[in-house]
Amino acid sequence: MQLPPEVPLLAQLPPDWPAPEALGFGQYLGPYLVECQHRAEGGWGAPCLTPRAASPLPVASGATQYGLSVFEGLKAYRDASDGIHLFRAPEHAQRLQRSAERLHLPVPPQALILQLCRLAVQVHADYVPPHGRGSLYLRPTLFAEEECLGLRPAMRHRLSIVVTPCSDPLPKSVRLWAEPELIRAAPGGLGAAKTGANYAAGIGGLLRAKERGYDDVAWLDAATHTQLGEAGTMNLFVQIGDEVFTPPLDGTILAGITRDCVMTLLAERGIACHERVLTLAALTQAGTEGTLGSAFGTGTAARIARITAIGDGQREIHFRETGLIESLHAALKRAQETPGDGGRAWCDTVEPMGA
Ligand SMILES: *Cc1c(COP(=O)(O)O)cnc(C)c1O
């Protein structure tokens, strides 16, 4: 790795660093970026370490002007013996590759993405909270840095990992606003890519939700505004009777890795989970018939969040407590923090710097 001479290999924690429980999410950023440049001629360069505050992104870059930028969000945890591991890193790397393909950005080799992630963790090892009390969230970001005001794929890109240590997410409860007018993604659009443009499309809905006393949006399909898609940063699950349902990956929602974990955990419990279109009308009917159980959202940042209600201004659907969410939250936390838990190969050890 190329290091500027003034950069120490191990980032030092500032003296007045908060306790893990006070970190929250995304508020405290690690001091360094681990990054790699890509040139149309020459391909990927060597990994390098850049002080975060020194990173320039030109106003005329493809990322700033046209949203030519994709990202990932994954976490590093400490195990009970103080070792550090990444959770489901290969799956996150593969999704970054798919997002890059959709936006015609250069697709980084999986080995390069994983190498940069490991380096980012090694450099910020002291920023990884103690076992059970939080994680280091990694945000690999791939963007067009070339300055050009014409629309075309850029000639210069950068893959940069920014990190933020965060608290262990407690099970929280949210109320969702089923947005009747704005849409986040349509068939053929960018909904399945993890890219800023989806958030640009979604922020208005989030504010409309908050104005109405809700915490987040439940996005509906673009054509009929009747089918549940996903929440702002979470995939959705609804329990009806003995079964659990989640919307199918139809290209308008993100293929969440936490979604995949939950489907695995449900299968391990012998609970059937179906990928099926969920309409607000069907949920209302299940409510009337008394079969509607819990609902929850899944994502790397929040883990599993209880959904207490979904409203669209006409009606409000209320979900019940059935114990399912507590059980899944505890199982997922254990899987994330314990390499080899349940015989699953979801954790990859990150060796200490220089080992
Ligand atoms: C990141 C993200 C999710 C959650 O995906 P995970 O892989 O579970 O973290 C869900 N929806 C959107 C729009 C996202 O960007």
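If you read the sequence from its start, that first residue is 1, and numbering goes on from there. Counting starts at 1 for both ligands and their atoms, in listed order.
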K.L.:
One thing to verify: whether Arg133 and Glu21 come together as a salt bridge, which I'm taking to mean a side-chain N less than 4.0 angstrom from a carboxylate O.
P.N.:
yes
K.L.:
Suppose we measure from atom 2 (C) of ligand 1 to each protein heavy atom; which comes out shortest, and what is that distance?
P.N.:
Lys194 NZ, 2.6 Å
K.L.:
Quick one: does ligand 1 sit under 4.0 Å from the side chain of Arg184, the backbone, both or neither, non-hydrogen atoms only?
P.N.:
side chain
K.L.:
For Trp177 and Tyr214, take the angle between the two ring planes, folded into 0 to 90°, and tell me which bin it lands in: parallel under 30, tilted 30 to 60, perpendicular over 60.
P.N.:
tilted
K.L.:
Report the part of Thr233 (side chain from C-beta onward, or backbone N, CA, C, O) that has a heavy atom under 4.0 Å from ligand 1; answer both or neither where that applies.
P.N.:
backbone
K.L.:
Do the side chains of Lys172 and Asp215 get close enough for a salt bridge, i.e. N-O under 4.0 angstrom?
P.N.:
no
K.L.:
Looking at ligand 1, does any of its N/O atoms fall within less than 3.5 Å of an N/O of Ile257?
P.N.:
yes
K.L.:
Within less than 4.0 angstrom of ligand 1, does Glu91 place any heavy atom?
P.N.:
no
K.L.:
Hey, are Glu230 and Arg259 close enough for a salt bridge, meaning a charged N less than 4.0 Å from a carboxylate O?
P.N.:
no
K.L.:
Contact between Asp168 and Ser135 at the side-chain level, heavy atoms closer than 4.5 Å - yes or no?
P.N.:
no
K.L.:
Quick one: which of Gly73, Gly256, Ala193, Ala185 has a heavy atom closest to atom 5 (O) of ligand 1?
P.N.:
Gly256
K.L.:
Check each heavy atom of Glu230 against ligand 1 and say whether those closer than 4.0 Å belong to the side chain, the backbone, both or neither.
P.N.:
side chain
K.L.:
Around atom 8 (O) of ligand 1, find the nearest protein heavy atom and jot down its residue, atom name and distance.
P.N.:
Thr258 OG1, 2.6 Å
K.L.:
Suppose we measure from atom 9 (O) of ligand 1 to each protein heavy atom; which comes out shortest, and what is that distance?
P.N.:
Thr300 OG1, 2.6 Å
K.L.:
Is a salt bridge present between Glu147 and Arg156, judged by a nitrogen-to-oxygen distance below 4.0 Å?
P.N.:
no
K.L.:
State whether Glu179 and Lys210 are salt-bridged, where the test is any N-O pair (Lys NZ or Arg NE/NH1/NH2 against Asp/Glu carboxylate O) under 4.0 Å.
P.N.:
no
K.L.:
Within the structure, is a non-hydrogen atom of Gly232 found at a distance of less than 4.0 Å from ligand 1?
P.N.:
yes
K.L.:
Closest non-hydrogen protein atom to atom 15 (O) of ligand 1, residue and atom name please, with distance?
P.N.:
Tyr199 OH, 2.2 Å
K.L.:
Could you check Thr246, Leu176, Leu236 and say which one makes a side chain to side chain contact (heavy atoms under 4.5 Å, CB included) with Leu228?
P.N.:
Leu236
